[in-house]
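Okay, structure first, notes after.
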Number of protein chains: 2
Amino acid sequence: MTEAQPEGAKKKRGAKKAPPRFSREQADVRRSMLIEAATRCLSVGGIGAFTIDRICKEAGVSRGLINHHFESLDGLLVEVYKSSLYASVNNQIAEAKRRRAEASDWPPEAALAALVRSNFSSEYFSRENLLIWLSLWGEIAVNPRLKAAHRELYDAYRAELAEDIAAVAVRRGRQVDAPAQARNFIALVDGLWLEWCLDESVVTPQAAEAAGFEMLEAQLGTLRDE
Amino acid sequence: MTEAQPEGAKKKRGAKKAPPRFSREQADVRRSMLIEAATRCLSVGGIGAFTIDRICKEAGVSRGLINHHFESLDGLLVEVYKSSLYASVNNQIAEAKRRRAEASDWPPEAALAALVRSNFSSEYFSRENLLIWLSLWGEIAVNPRLKAAHRELYDAYRAELAEDIAAVAVRRGRQVDAPAQARNFIALVDGLWLEWCLDESVVTPQAAEAAGFEMLEAQLGTLRDE
DNA sequence: GCTCTTGTTGTACGAACGTTCAACAAGAGC
DNA sequence: GCTCTTGTTGAACGTTCGTACAACAAGAGC
């Protein structure tokens with residue numbers, strides 16, 4: 001056994017400066033790090049792995065930090081929701097709005113087709129997100145704050161989709177219940193994604209995209225080719 | 001404070017026979033009771049309420065009983081899956097098979113319509129089951145035993161649905177990819193059910209049923225009326 | 001009324017949970 | 001080089017978790 005050294009010993013002798021035991025980060029930087037680590041935990045082990053211990057270990061940080069930067073573990077979960085679902089879906093909405101605004105370049109059909117396709121791009125239609133989404137859905141059913149955020153988000157997306165559908169219907173002189181079609185389309189996408197995640201042999205992303213187009217084309221006519 | 005009585009006192013005096021402290025049940029009866037109590041816990045509080053303490057309290061039983069009747073808490077969850085999803089879906093399959101066998105009374109169109117409708121009956125299309133299914137889905141993604149059971153179950157249901165679809169298509173001389181239509185239909189049902197559970201203002205069971213019929217009728221022609 | 005089987009109880013245990021908080025120290029500002 | 005702010009640590013706490021197990025007793029069988 002080595003003899004215990006007085007605290008100041010190292011400094012006095014000036015041998016080696018001990019490396020910093022941790023690095024300080026801006027509050028929002030650290031929050032992002034924790035949100036990302038928490039998301040990783042969720043995607044690997046589901047809600048059962050959404051734990052102070054595991055998240056802090058994943059982030060390489062001490063146990064006290066989550067409660068310093070978030071009101072509670074539950075507050076962190078809300079932030080994970082926002083940075084996962086919220087952010088990505090809002091991106092889709094914003095892009096679709098932009099396309100629809102640039103009406104000169106993008107005919108309504110092309111804008112709708114682009115929005116449909118984005119649902120099946122690997123960014124959203126991803127098996128990695130299975131446990132994240134499933135865990136968050138389960139929490140939405142129980143957590144009023146999350147439920148409110150979820151409704152707001154889906155309402156916005158549904159409205160955008162309905163507008164794109166309505167634009168095509170008007171141009172083609174078809175009578176379509178655009179809000180209902182938007183709702184059904186979203187249900188189909190969520191359902192296909194779920195089937196794919198739970199059993200990848202049942203459906204491919206390509207087949208899923210085809211199914212999405214088929215549903216809308218039954219009401220609107222061809223969308224995929226000029 | 002009353003004086004502590006010797007244990008045998010009551011019996012010796014023959015005053016009142018203490019009522020039994022518990023009742024013995026057959027192993028399978030008690031197992032059913034525990035499965036039902038566990039299911040109730042799941043539906044109220046999600047996977048977070050799936051706990052030895054809460055389930056035993058819900059069942060009015062002592063803490064040791066779950067590990068006596070099941071290999072572990074996880075084993076109980078598998079039984080909950082079987083008695084929830086497995087049993088109810090297998091009922092649908094069996095009924096559909098029977099209808100298809102009685103071909104004389106049930107034309108294919110009526111058999112398919114009945115199968116479609118059963119998806120939206122209050123027994124299956126129920127908000128009470130939200131947390132149960134969501135919790136079980138989350139577990140399927142993580143638990144190999146459940147995953148295997150899930151695939152077997154969905155494969156069977158998808159096959160039955162595809163057979164019913166194919167029967168109608170053949171009779172009407174239409175070219176239809178029945179397995180794909182069955183898969184898409186199931187995805188739509190699951191997605192609509194999910195949307196309804198998370199936000200009941202978006203869709204009604206009636207509208208959901210209409211959406212289900214619309215999807216199939218786009219391929220097969222009218223199914224709902226003669 | 002007695003015995004025997006076995007379903008049931010309830011305590012004990014270690015591990016892991018979320019939260020709190022006093023102490024610490026990194027690094028900016030002077 | 002010093003001070004001061006504040007991001008960070010890690011021990012401590014009470015609770016709840018799943019499991020194990022010895023003791024108990026209900027009720028069938030004789």
Side-chain angles (χ1 to χ4, degrees), chain A residues 6-8 10-12 14 16-35 37-38 41-42 45-80 135 139 142-143, chain B residues 7-8 10-12 14 17-35 37-38 41-42 45-80 135 139 142-143:
Chain A
E7 266 304 311
K10 289 171 189 166
K11 285 181 182 175
K12 284 276 174 61
K16 285 170 191 168
K17 203 172 193 173
R21 293 206 286 118
F22 59 90
S23 71
R24 302 168 85 84
E25 303 289 347
Q26 295 273 34
D28 54 343
V29 171
R30 189 65 89 187
R31 282 171 59 93
S32 297
M33 291 173 60
L34 288 170
I35 290 171
C41 287
L42 212 53
I47 199 71
F50 198 85
T51 278
I52 296 269
D53 280 322
R54 302 201 207 183
I55 297 168
C56 287
K57 187 175 180 184
E58 174 70 30
V61 132
S62 77
R63 279 172 52 73
L65 211 50
I66 284 179
N67 287 282
H68 178 73
H69 287 289
F70 301 90
E71 54 186 288
S72 70
L73 186 64
D74 230 57
L76 175 56
L77 185 60
V78 173
E79 296 303 315
V80 168
S135 303
E139 196 65 15
V142 155
N143 184 325
Chain B
E7 266 306 311
K10 288 170 187 166
K11 285 180 180 174
K12 285 277 173 63
K17 203 171 193 173
R21 294 205 285 120
F22 60 89
S23 70
R24 301 169 84 84
E25 304 288 349
Q26 296 273 34
D28 55 343
V29 172
R30 190 64 88 187
R31 282 170 59 94
S32 298
M33 292 173 59
L34 288 170
I35 290 171
C41 287
L42 212 51
I47 200 70
F50 198 86
T51 279
I52 296 271
D53 280 322
R54 301 201 207 183
I55 295 168
C56 288
K57 187 176 180 183
E58 175 69 29
V61 131
S62 77
R63 280 173 50 75
L65 211 49
I66 284 180
N67 286 283
H68 179 72
H69 287 289
F70 301 90
E71 53 185 289
S72 69
L73 186 63
D74 229 58
L76 176 56
L77 185 60
V78 173
E79 296 303 315
V80 168
S135 303
E139 196 63 16
V142 156
N143 184 325

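Here is the naming used below: chain letters follow the sequence lines, and residue numbers restart at 1 for every chain.
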Taking all non-hydrogen atoms of both residues, which atom of F50(A) and which atom of A38(A) are closest, and how far apart? CE1-CB, 3.7 Å

Using a heavy-atom cut-off of 4.0 Å across all strands, would you classify E25(A) as base, sugar-phosphate, or nothing? sugar-phosphate

Minimum heavy-atom separation for A37(B) to A59(B), with atom names? CB-CB, 3.6 Å

How long is the line joining CZ of R30(A) and C1' of dA26(C), in whole Å? 11 Å

Taking the nucleotide of DNA chain C with the nearest heavy atom to each, does S62(B) or R24(B) sit closer to the 5' end? R24(B)

Which is true for R31(B) with a 4.0 Å heavy-atom rule: it touches a base, it touches only sugar-phosphate, or it touches nothing? nothing

Applying salt bridge (Lys or Arg N to Asp or Glu O under 4.0 Å) to D53(A) and not counting sequence neighbours gives R63(A)

Whole angstroms only, please: what is the CG-C1' distance between D74(B) and dC17(D)? 14 Å

Working to the nearest 0.5 Å, report the span between CG of L42(B) and OG1 of T51(B). 10.5 Å

Minimal non-hydrogen separation, G75(A) against E71(A), with atom names: CA-CG, 4.1 Å

What is the distance, rounded to the nearest whole Å, between atom CD of Q26(B) and atom C1' of dA26(D)? 13 Å

Can you measure from CZ (F70(B)) to CD1 (I35(B)) and round to the nearest 0.5 angstrom? 4.5 Å

Let me know, please, whether F22(A) or D53(B) comes out on the 5' side of the other along DNA chain D by nearest nucleotide. F22(A)

Would you indicate which nucleotide in dT19(C), dA16(C), dT19(D) comes nearest to any side-chain atom of I52(A)? dT19(C)

OP1 or OP2 of dC17(C) under 4.0 Å from side-chain N/O of T51(A): yes

Taking atom C1' of dT9(D) as reference, at what distance in whole Å does atom CG of L34(A) sit? 14 Å

Taking every heavy atom of C41(B) against every heavy atom of E58(B), the minimum-distance pair comes out as SG-CB, 3.9 Å

Axis bend over the full length of the helix from dG1(C)-dC30(D) to dC30(C)-dG1(D), computed from five pairs that close each end, to 10 degrees: 10°

Scan residues 63-71 of chain A against DNA chain D and write down, sorted by residue number, each residue with any heavy atom closer than 4.0 Å; if none is found, say none. R63(A), G64(A), L65(A), H68(A), H69(A)

Locate the shortest heavy-atom distance separating H69(B) from R31(B); write the atom from each residue and the value. O-NH1, 2.9 Å

Specify the closest pair of heavy atoms between L34(B) and I55(B), including all atoms of both residues, with the distance to one decimal. O-CG2, 4.1 Å

Within the structure, does a side-chain N or O atom of R54(A) lie under 4.0 Å from either OP1 or OP2 of dA16(C)? no

Which of these nucleotides, dG18(C), dG27(D), dA25(D), is closest to any side-chain atom of S23(B)? dG27(D)

Just call it for L73(A): base, sugar-phosphate, or nothing, with non-hydrogen atoms closer than 4.0 Å on any strand. sugar-phosphate

